[in-house]
Amino acid sequence: MLYDYNKIEEEARKKWNDNNVYKVSTSSIKPKYYVLDMFPYPSGAGLHVGHPLGYIFSDIYARYKRMKGFNVLHPMGFDAFGLPAEQYAIQTGQHPEKTTEDNIETYIKQLNKIGFCYDWNRKVTTCKPEYYKHTQWIFLQLFNSWYNKAIDKADSISNLITVFNEQGNTSVKAACDDKVQIFSADEWNGFSAKQQQDILMEYRLAFQKESFVNWCPALGTVLANDEIVNGVSERGGHPVEKKKMSQWFLRITAYAERLLNGLDTLDWNESMKDMQRNWIGKSIGAMVSFPLKNHADKIDVFTTRVDTIFGVSFLVIAPEHDLVNQITTPEFVGAVEEYKKICASKSDIERQAEKQVTGQFTGAYVLHPFTQTEVPVYIADYVLAGYGTGAVMAVPSGDQRDYLFAKKFELPIIPILDAQQNIENEADATKEGKYINSDFINGLNYKEATALLIQKLEEQKLGYGKVNFRMRDAGYSRQRYWGEPFPIYYDKDGIIHTVAEDKLPVILPNVDSYKPTGTGESPLATATEWVTQHGEGTRMETDTMPGYAGSSWYFLRYMDPENPNELVSKEAQEYWQNVDFYVGGSEHAVGHLLYSRFWHKFLKDIGKVSTEEPFKKMVNQGMIGGRSLLTQTNQIKNVEIPLHIPVMLAQNDKLTKEKFLILKKDDNRFENIEIDDVNWETDKDGNEFISLDIQLEKMSKRYLNVVNPDDMVSQYGADTFRMYEMFLGPIDTAKPWDTNGISGVANFIRKFWRLFYDDLGNAKNIDAAPTQEELKILHKTIKKVNQDIENLSFNTCVSTFMIGVNELAKQKTISKSTLTEFVKLIAPFAPHTAEILWTETLKNDSSVVDADFPTHDEQYLVESTFTYPIQINGKHRTNIELPVDMENEEIQNIVLADETVQKFTENKEPKKFIVVKGRIVNVVV
RNA sequence: GCCCGGGUGGUGGAAUGGUAGACACGCAGGACUUAAAAUCCUGUGACUUCACGGUUGUGCGGGUUCGAGUCCCGCCCCGGGUACCA
């Protein structure tokens, strides 16, 4: 048999299909193992070679685990709601459902060519009603729940109402809004339905509140941060402002502590956990109230450094702070309005990244809670409305931003600790030393001062100690079409009603236009009949859910994908538990991964799942970047700027004359360039070409550097493609795609095949008994591959295979038993080739997919001698081969007597003689 | 700005604190061939030497160590995230 990869791979896939090899059952006596990839968003551009990197990686691991005796769940699906489909719909008028379906079909075709061991019967698609029915169901549970701190888990709203009816809310310990009013049972029962609804909103895990969105008046729509570039809309460059709208939120902050603590139980990268920890941002500090001068209200401030309170020389509040309008004195109204306008045009990132110090005095003063001195109140862009209370107490001597602000506005800089240094030039945030200029805490240290201050604040009702989280509640409303509709409607009094669970799903209606309505409402608002489906005067919620809704629980659905009654059955969930091995990009570190953990914990609280965490082990694959090719200057007459050349046309970063002619025909940039305008180089065979410059950029159509996996598979075969993707480097580092190297892997697979068949396709004689040398090669390879798979170092596995095959190819004879082990060893990496060799060449009955993975036998690897590298003063000078069991003293004698060693030691007595057994010898003179 | 990664030949990369550059690509030379393809062999960090060899070398500057790509301190550059891209 010749190595015809097309034929071989097609045949292998047919065998797998015919025998349903990848069908996964939920009942097995084998231990379960769940290997999952982050499912893709099916974009119109199809897959490029960057996408399958993680999929191949996890596929190899899944196959390896299966060969190790596990019942492996390794599914795939599609995260199918999202902005790009909607933008495409706006441009073309095509229904996003249609384009999404087409894209999914393309993705599946592309994926199937690579030979993944997916059980497609378990495919999930988030935009299908059968799926989002359960997304809506989860939302209803969140809506009908509150976080009961007394039991430290979610509790039902009906329980809360019972408590309110009987005792009011004085004894309720809930994760809820800070400013909840206190009421008795009688008061509660006297409230109107609307009042009760508003109060319950402050407890629900899915709740509504006013918040700011990016409003673009010119486009008449709310924009995603992604759609804003330099403060203006990406489309059209129109100004964007902050607009207050009523929005749905999820109270993820209720779970902050559990999300933080849960990280300690997870087998994730420390860096990934750090990102989540920082995102959650737990800080222990205090709330302090600063009463306003000549005004009934007060400004609340959260600080982690209450000890610096006597260093406060001004207060800064966010320009959007509720109190700004009320406290600004008439002479500053104009300037404050002007400043607010400037801030509204900037994104939060821009505001925080801003190096220039800006701000505006409001004319108002607060009174220092302890000293009663007047403290001026400013607004400034570095304080964000959504963080903490949207107000900070500024201590210039201890905080650099405050310091710069104080310098600019000539405000006092008061040293507060005797250990503070250099504060003529910059702030010093130290906690060392004793307090000065600080009234009753003078002379105390940090710990004593903090405790005393919090005690005084609480005594005098000026504040209290508080744990604060940087994490905010998660915005859950999108004014978009292509997302899950909310199972919510409003009656004519504005009272919220939920759609009954047995009426789910609430189907996304068809609309005439996907274009923005201009009012800020989503396009759903134009589906009049749908909006009023619950009777005259009622209104369906027309916002839709965000992208992370469907992706926050999809991993559960694979366990029981067709269940119409519930998101996952108890049996299926209890068998599969949670994901053992999750592969995806680190760009999801704080988005998807945090939201999923939150939902999972909630589902555990309401008894839907039995595990506290969704993903036990997490591996991040690095991004594959593009490698663009550009013409060099002076290569083409009258063309000064480098031109991108399609990477698929070039070979070894060269463009031949022949390919140039294709380009001239197909690409209008080259229409007017004549062959003679090009400065051709000539190789030794007389072929003319130009050498191209390399530039690393994103893989993108516009750089002509996109490489399609289909092309790779058709040119080299899926097995070569799979192994080359792994060979590129460690899974977790970012790297550019370079097709040039793939021939090395292609050569390797052919060389491997030639262990079985000669150049004419005749089977080789493999009847000889294995030699010692052969067994050593085999077991060395088995040992290293097992180690490297466990360490997830698949690139070195491929190298190890290459070394093994190179060495075996040099042997005079190779035995069938050696080849059998080798085929099993390589099967996870090159499954098609392995399958055909396994069944047709080695005549096994069942698939190699279910063969047992080889383990090595140490007896073939024992060596009697070791070649010691000899260092003199840490520099490698020579090698000496010595028996492995030789004593140090004897080694020393032999080494010192060595000619080369003597040359370097010049017969001086060694100061030190270091022997690391089986590693190295170092002579220090 | 803040948080998290990364930086080793012409290229992708390898290296439990122990011979830096495994394995490949590319390049150069050679074998086979009418020729090409395929295959095989040899060389390939830089500088220096006829050669043996020597010097130097893992982004930059310091440090710890018998020994540092690896550990510590301070910089520079690049990538990801930054709450409505997914």
Side-chain angles (χ1 to χ4, degrees), chain A residues 38-41 43 79 81-84 87 213-214 222-228 247 252 269-279 281 347-355 382 386 401 470-480 546-548 551 585-592 594 620 622-623 625 627 652-653 684-685 694 696 724 727-730 732-745 747-748 750-751 754 759 793 795-796 798-803 806 867-871 873-879 910-914 916 919-924:
Chain A
M38 288 183 183
F39 62 166
Y41 175 79
S43 85
D79 186 13
F81 275 130
L83 263 189
Q87 275 158 355
V213 294
N214 301 310
V222 175
L223 293 179
N225 290 336
D226 214 40
E227 298 173 293
I228 304 168
Q247 306 270 310
I252 188 172
N269 281 336
E270 235 9 75
S271 65
M272 190 72 34
K273 294 195 209 175
D274 272 350
M275 276 194 255
Q276 291 215 346
R277 285 189 191 110
N278 292 328
W279 184 264
S347 73
D348 284 2
I349 295 176
E350 286 170 329
R351 280 171 58 167
Q352 295 213 54
E354 184 58 74
K355 283 184 178 168
Y382 74 88
R401 281 174 316 184
R470 200 180 75 96
M471 180 168 65
R472 316 202 285 260
D473 285 327
Y476 200 70
S477 285
R478 299 293 183 266
Q479 292 71 38
R480 305 281 177 183
Y548 67 82
S551 61
S586 63
E587 67 271 23
H588 299 284
V590 287
H592 162 62
L594 200 60
N620 301 114
M623 286 208 172
R627 190 170 174 280
N652 289 333
D653 307 329
K684 64 177 166 53
D685 299 318
I694 298 155
L696 301 182
Y724 183 57
F727 190 59
L728 279 178
D732 55 357
T733 58
K735 55 217 154 226
W737 175 267
D738 182 1
T739 305
N740 290 331
I742 198 170
S743 60
V745 175
N747 289 344
F748 156 74
R750 279 199 302 267
K751 198 164 181 177
R754 283 203 305 275
D759 289 344
S793 172
N795 55 327
T796 52
V798 179
S799 301
T800 305
F801 285 130
M802 288 174 170
I803 294 167
N806 283 342
T867 305
Y868 278 92
I870 311 298
Q871 292 184 339
N873 290 333
K875 274 189 182 168
H876 177 227
R877 294 299 181 183
T878 186
N879 296 321
K911 269 192 212 146
K912 214 166 183 181
F913 193 88
I914 295 150
V916 184
R919 278 248 168 246
I920 205 163
V921 172
N922 191 8
V923 187
V924 186

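Letters A, B, ... are given to chains in the order of the sequence lines, protein chains preceding strands, and every chain is numbered from 1.
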What N/O pairs connect the protein and nucleotides 65-73 of chain B at under 3.5 Å? Give each pair on its own line.
| unit_1 | atom_1 | unit_2 | atom_2 | d |
| --- | --- | --- | --- | --- |
| B:C66 | OP1 | A:K912 | NZ | 3.3 |
| B:C66 | O2' | A:N922 | ND2 | 3.4 |
| B:C66 | O2 | A:N922 | ND2 | 2.5 |

| Using a cut-off of 4.0 Å on non-hydrogen atoms, how would the nucleic acid contact of A:K875 be classed: base, sugar-phosphate, or nothing? | sugar-phosphate

| Value in whole Å for how far the C1' atom of B:G5 lies from CG of A:N269 | 10 Å

| Quick one: side chain to side chain donor-acceptor pair (under 3.5 Å) partners of A:R277, sequence neighbours excluded? | A:D264, A:E270, A:D274

| task | Go through the structure and list residues passing ring pair (Phe, Tyr, Trp, His ring centres under 6.0 Å) with A:F913, not counting sequence neighbours. | result | none

| query | So what does A:N747 touch, heavy atoms closer than 4.0 Å: a base, only the sugar-phosphate, or nothing? | reply | sugar-phosphate

Nucleotides 40-46 of chain B: which of its N/O atoms have a protein N/O under 3.5 Å away?
| unit_1 | atom_1 | unit_2 | atom_2 | d |
| --- | --- | --- | --- | --- |
| B:C40 | OP1 | A:R754 | NH2 | 3.4 |

| Separation of A:Y724 OH from A:W737 CH2 (nearest 0.5 Å) | 6.0 Å

Extract from the structure each pairing of a protein N or O with an N or O of nucleotides 59-61 of chain B at less than 3.5 Å, listing the distance.
none

| remark: Here the distance between atom P of B:A24 and atom CH2 of A:W737, to the nearest Å, is 18 Å

| message | For A:K912 and A:N922, which I'm curious about, is there any donor-acceptor pair between the side chains at under 3.5 Å? | response | no

| remark: For RNA chain B, the expected dot-bracket line (Watson-Crick or G-U under 3.5 Å, [ ] crossing, | inter-strand) is (((((((..(((.....[....)))((((((.......))))))((((....))))..(((((..]....))))))))))))....

| Say you pick atom C1' in B:G59 and the same atom in B:C78; how far apart are they, in whole Å? | 11 Å

| task | Write down the distance separating the C1' atoms in B:U82 and B:C60, rounded off to the nearest Å. | result | 29 Å

| With A:Y382, which residues qualify under side chain to side chain contact (heavy atoms under 4.5 Å, CB included), at least two apart? | A:F314, A:V316, A:A380, A:R401, A:D402, A:F405

| message | With a 3.5 Å distance limit and no angle check, can you tell me whether A:R480 reaches the backbone of A:V222 through a side-chain donor-acceptor pair? | response | yes

| message | Mind checking if A:N806 touches a base, just sugar-phosphate, or nothing, with heavy atoms under 4.0 Å? | response | sugar-phosphate

Quick one: which protein N/O atoms are closer than 3.5 Å to N/O atoms of nucleotides 8-17 of chain B? Pair and distance per line, please.
| unit_1 | atom_1 | unit_2 | atom_2 | d |
| --- | --- | --- | --- | --- |
| B:G12 | O2' | A:L728 | O | 2.5 |
| B:G13 | O5' | A:L728 | O | 3.3 |
| B:G13 | O3' | A:N795 | ND2 | 3.4 |
| B:A14 | OP1 | A:N795 | ND2 | 2.8 |
| B:U16 | O4 | A:R919 | NE | 2.2 |
| B:U16 | O4 | A:R919 | NH2 | 3.4 |

| Hey, is B:G62 sitting syn or anti, using the within-90° cutoff around 0? | anti

| task | Can you tell me, in whole Å, how much space there is between the P of B:U64 and that of B:G69? | result | 16 Å

| task | Assign a letter to each nucleotide of nucleotides 81-86 of chain B from its 5' end: B, base within under 4.0 Å of a protein heavy atom; S, sugar-phosphate only; -, no contact. | result | SBBBBB

| field | Nearest-angstrom distance, P atom, B:C40 to B:G61 | value | 43 Å

| message | Using the C1' atom as the point on both nucleotides, what is the distance between B:G26 and B:G21, in whole Å? | response | 16 Å

| Nucleotide nearest A:H876 when distance is taken to its side chain, options B:C27, B:A38, B:U19 | B:U19

| field | Position toward the 5' end of RNA chain B (nearest nucleotide), A:S271 or A:G744 | value | A:S271

| Which residues share a side chain to side chain contact (heavy atoms under 4.5 Å, CB included) with A:N740, sequence neighbours left out | A:R627, A:N652, A:D653, A:D738

| C1' atom, B:A14 versus B:U8: distance in rounded Å? | 10 Å

| Integer angstrom distance from the P of B:A24 to that of B:C72 | 34 Å

| Hey, what do you get for CE (A:M802) to CG (A:N747), rounding to the nearest 0.5 Å? | 8.5 Å

| message | Distance check, P atoms only: B:G57 and B:A38, in whole angstrom units. | response | 41 Å

| task | Calculate, to the nearest 0.5 Å, the distance between atoms CE and NE2 belonging to A:M38 and A:H588 respectively. | result | 5.5 Å

| message | Among residues at least two apart in sequence or on other chains, which ones pass side chain to side chain contact (heavy atoms under 4.5 Å, CB included) with A:S799? | response | A:F727

| remark: Residue pair A:D759/A:V745 against RNA chain B: nearer the 5' end by closest nucleotide is A:V745

| query | Got a sec, which residues hit side chain to side chain contact (heavy atoms under 4.5 Å, CB included) with A:P730, two or more places apart in sequence or on another chain? | reply | A:D732, A:T733, A:N795

| said: Closer than 3.5 angstrom, by distance alone: can the side chain of A:Q276 be matched with the main-chain N or O of A:A589 as a donor-acceptor pair? | reply: yes

| request: Any chance you could measure A:Y868, atom OH, to A:I920, atom CD1, to the nearest 0.5 Å? | output: 10.5 Å

